[in-house]
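Just so you know, these numbers use all the heavy atoms, side chains as well, and skip hydrogens, waters and symmetry mates.
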Amino acid sequence: MSPTVVVIGGGYGGSATAKALDGVADVVLVDPKDAFFHAVGALRAVVDPEFLPEVFFPYDKLLTNGRVVRDRAVRVEPGRVTLASGEELAADYIVLASGSGYPFPAKSDLDDTAAAQQKYRAAHASLQAADHVLLLGAGPVGLEFAGEIKAVWPQKKVVIVDPVADILSEYAPELREEIRRQLAELDVQLVLGAPLKENPSTAPGERGTIHITTASDVDITADIWFRCFGVVPHTAYLAGALTDVRQANGEVAVTDTLQVKGQDTVFALGDITDIPESKRAGTAMRHANVVAGNIKALIGGTGELATYQPGPAAILLPLGPTGGAAQLPGQGVLGPEATSQHKGADLMTGRFSQLFGMQTN
């Protein structure tokens, strides 16, 4: 009999790992959602409801031999996974790929596709009716969201606030300059270097007049705001011998082979790992290549395990379908045309249509 591999989480890394192992193991993919959510396209789905169906991919064609269980892991220890339904899964190998939470709308917080799409349509209606938009967080999400808003509603006033002194400080000065230049052309205001004196009086995504002031006494008025920061790893389910590898921030300690520290048959990938690197979809999928290859090597009993080495700083940052900039290894800083070709035009929906066995548009 083939060994059983249980993959916890059907996001970018989990789905890629499950598909790669489908032919060599009995794969069980566990996820509470009824479809894969393509978070890379989430911000465009807010400004353009017609794009909304493009970010949900049913799991039914992902695996040929394995199965997808729509449930939530509530207790995971070496060799055993307990689900919210009470079902227990025996596992020869476990892959922890449960990802992270992030404020809506950059990630969906609902498991049902129909309900999630309704929430995005409601957010679109609220955003469409707003004249002044406040985005808290000048990281890639806040910057990209500003670009998407301006691409659809160039007349809207968009302000981005962050305590950091400059945007994208981990990347090349040329990239920062290019993004700043394009934001200025779009008339997006950056207010950096000082936190807010008080939190907005309304809930995120809720229309209502907001008057706030930064610690540097910059006054801002808006009628809707969104939180664009706050990653929270989903790892509370770890139990037994895995309890000690969960760190205070929720991340999981891994070795350079992406095995959980102290474990031979439990792997972790993506946002939940303690690897000091940017946690994005592409990173999770690079992790998946290493994890799938190493599990194949263990099953076959051949060769040493591959190690994962974080690459140099890289980013694809579209500002709408035709704007943005990128920094890629060996290519330096690229402008809007190349950024659109790599990501901005379709936000990689074609690539994931192929992964999930769907016809590309």
Side-chain angles (χ1 to χ4, degrees), residues 39-48 55 100-109 120 123-124 126-127 130-154 156-171 175-196 199-200 202-206 210 212-216 218 220-232 271 278-281 313-321 323-327 336 339 343-344 347:
V40 171
L43 299 174
R44 187 163 300 168
V46 183
V47 304
D48 179 9
V55 300
S100 61
Y102 194 93
F104 177 87
K107 283 191 176 181
S108 173
D109 53 1
Y120 274 89
H124 169 80
S126 296
L127 183 57
D131 294 322
H132 295 77
V133 183
L134 168 64
L135 303 179
L136 295 185
V141 171
L143 300 174
E144 186 171 335
F145 199 6
E148 291 292 343
I149 293 169
K150 281 291 190 174
V152 175
W153 300 293
K156 288 191 190 299
K157 182 66 176 178
V158 178
V159 180
I160 304 175
V161 177
D162 200 304
V164 300
D166 197 6
I167 61 171
L168 307 171
S169 59
E170 65 269 43
Y171 298 102
L175 178 81
R176 300 200 297 272
E177 291 169 7
E178 177 60 18
I179 292 294
R180 277 181 168 276
R181 182 189 67 79
Q182 292 185 42
L183 290 173
E185 284 188 353
L186 294 171
D187 192 28
V188 172
Q189 182 183 359
L190 286 171
V191 179
L192 305 178
L196 297 179
N199 292 324
T202 60
E206 176 184 302
I210 307 159
I212 56 171
T213 306
T214 70
S216 56
V218 176
I220 298 169
T221 299
D223 44 19
I224 196 169
W225 73 281
F226 294 91
R227 180 177 286 112
C228 302
F229 65 92
V231 177
V232 180
D271 289 3
S278 297
K279 306 295 177 67
R280 298 197 178 92
I315 188 171
L316 288 163
L317 181 56
L319 296 176
Q327 180 178 325
T339 303
K343 181 179 178 182
L347 296 175

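- In this structure, V158 and L183 have side chains that are not in contact, with every pair of non-hydrogen atoms separated by 4.5 Å or more.
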### Query
For I315 and L175, what are the C-alpha separation, side-chain angles and deciding distance, and is it a side-chain contact (heavy atoms from CB on, under 4.5 Å)?
CA-CA 10 Å; I315 188 171; L175 178 81; 3.6 Å; yes
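- Nearest heavy atom pair, residue K343 against residue P318, reads CD-CD, 3.8 Å.
- For H132 (side chain) and K157 (main-chain N/O), no donor-acceptor pair under 3.5 Å exists by modelled atom type.
- Across every non-hydrogen atom of T339 and A326, the tightest pair is OG1-N, 3.4 Å.
- With contacts defined as side-chain heavy-atom distances shorter than 4.5 Å, the pair D271/Y102 does not qualify.
- The two residues A281 and V40 come nearest to each other via the heavy atoms CB-CG2, 4.0 Å.
- Partners of D166 according to the salt bridge (charged side-chain N to carboxylate O under 4.0 Å, His left out) rule, which considers only residues two or more places apart in sequence or in another chain, are R176, R180.
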### Query
Yes or no on side-chain contact (heavy atoms from CB on, under 4.5 Å) for I210 and T202, after CA distance, side-chain angles and deciding distance?
CA-CA 7 Å; I210 307 159; T202 60; 3.7 Å; yes
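- Ring centers of Y120 and F104: under 6.0 Å apart, within the cut-off.
- The shortest distance between side-chain heavy atoms of D131 and D223 falls below 4.5 Å.
- Here the shortest heavy-atom pairing between A42 and P105 reads CB-O, 3.3 Å.
- P103 approaches G230 most closely through the heavy-atom pair CD-O, 3.5 Å.
- Counting only heavy atoms from C-beta outward, the side chains of V161 and L196 approach each other to under 4.5 Å.
- At a threshold of 4.5 Å between non-hydrogen side-chain atoms, the residues P336 and Q182 count as touching.
- Residues L316 and Q327 form no side-chain contact, since every pair of their non-hydrogen atoms from C-beta on lies 4.5 Å or further apart.
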### Task
Test Y171 against S278 for side-chain contact (heavy atoms from CB on, under 4.5 Å), laying out the working first.
CA-CA 11 Å; Y171 298 102; S278 297; 3.4 Å; yes
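- Put simply, the side chain of L136 does not reach to within 4.5 Å of the side chain of D162, judged on heavy atoms.
- Note that CG of L134 is 10.0 Å distant from CZ of F226, once rounded to the nearest 0.5 Å.
- Closest approach of A138 to L192, counting heavy atoms only: CB-CD2, 3.9 Å.
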### Message
salt bridge (Lys or Arg N to Asp or Glu O under 4.0 Å), that's the test. Do R181 and E185 meet it? Break it down for me.
### Response
CA-CA 6 Å; R181 182 189 67 79; E185 284 188 353; 2.7 Å; yes
#### Entry: Residues L135, C228; criterion side-chain contact (heavy atoms from CB on, under 4.5 Å); working and verdict
CA-CA 7 Å; L135 303 179; C228 302; 4.3 Å; yes
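- Using a 4.5 Å cut-off on side-chain heavy atoms (C-beta onward), T213 and I220 make no contact.
- Rounded to the nearest 0.5 Å, atoms CG (L168) and CG (L317) are 6.0 Å apart.
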Which atom pairs, one a donor and one an acceptor, fall under 3.5 Å between side chains of residues 140-151 and the rest of the protein, sequence neighbours left out?
| from | atom 1 | to | atom 2 | distance (Å) |
| --- | --- | --- | --- | --- |
| E148 | OE1 | R44 | NE | 3.0 |
| E148 | OE2 | R44 | NE | 3.2 |
| E148 | OE2 | R44 | NH2 | 2.9 |
| K150 | NZ | P154 | O | 3.1 |
| K150 | NZ | K156 | O | 2.5 |
| K150 | NZ | L186 | O | 3.2 |

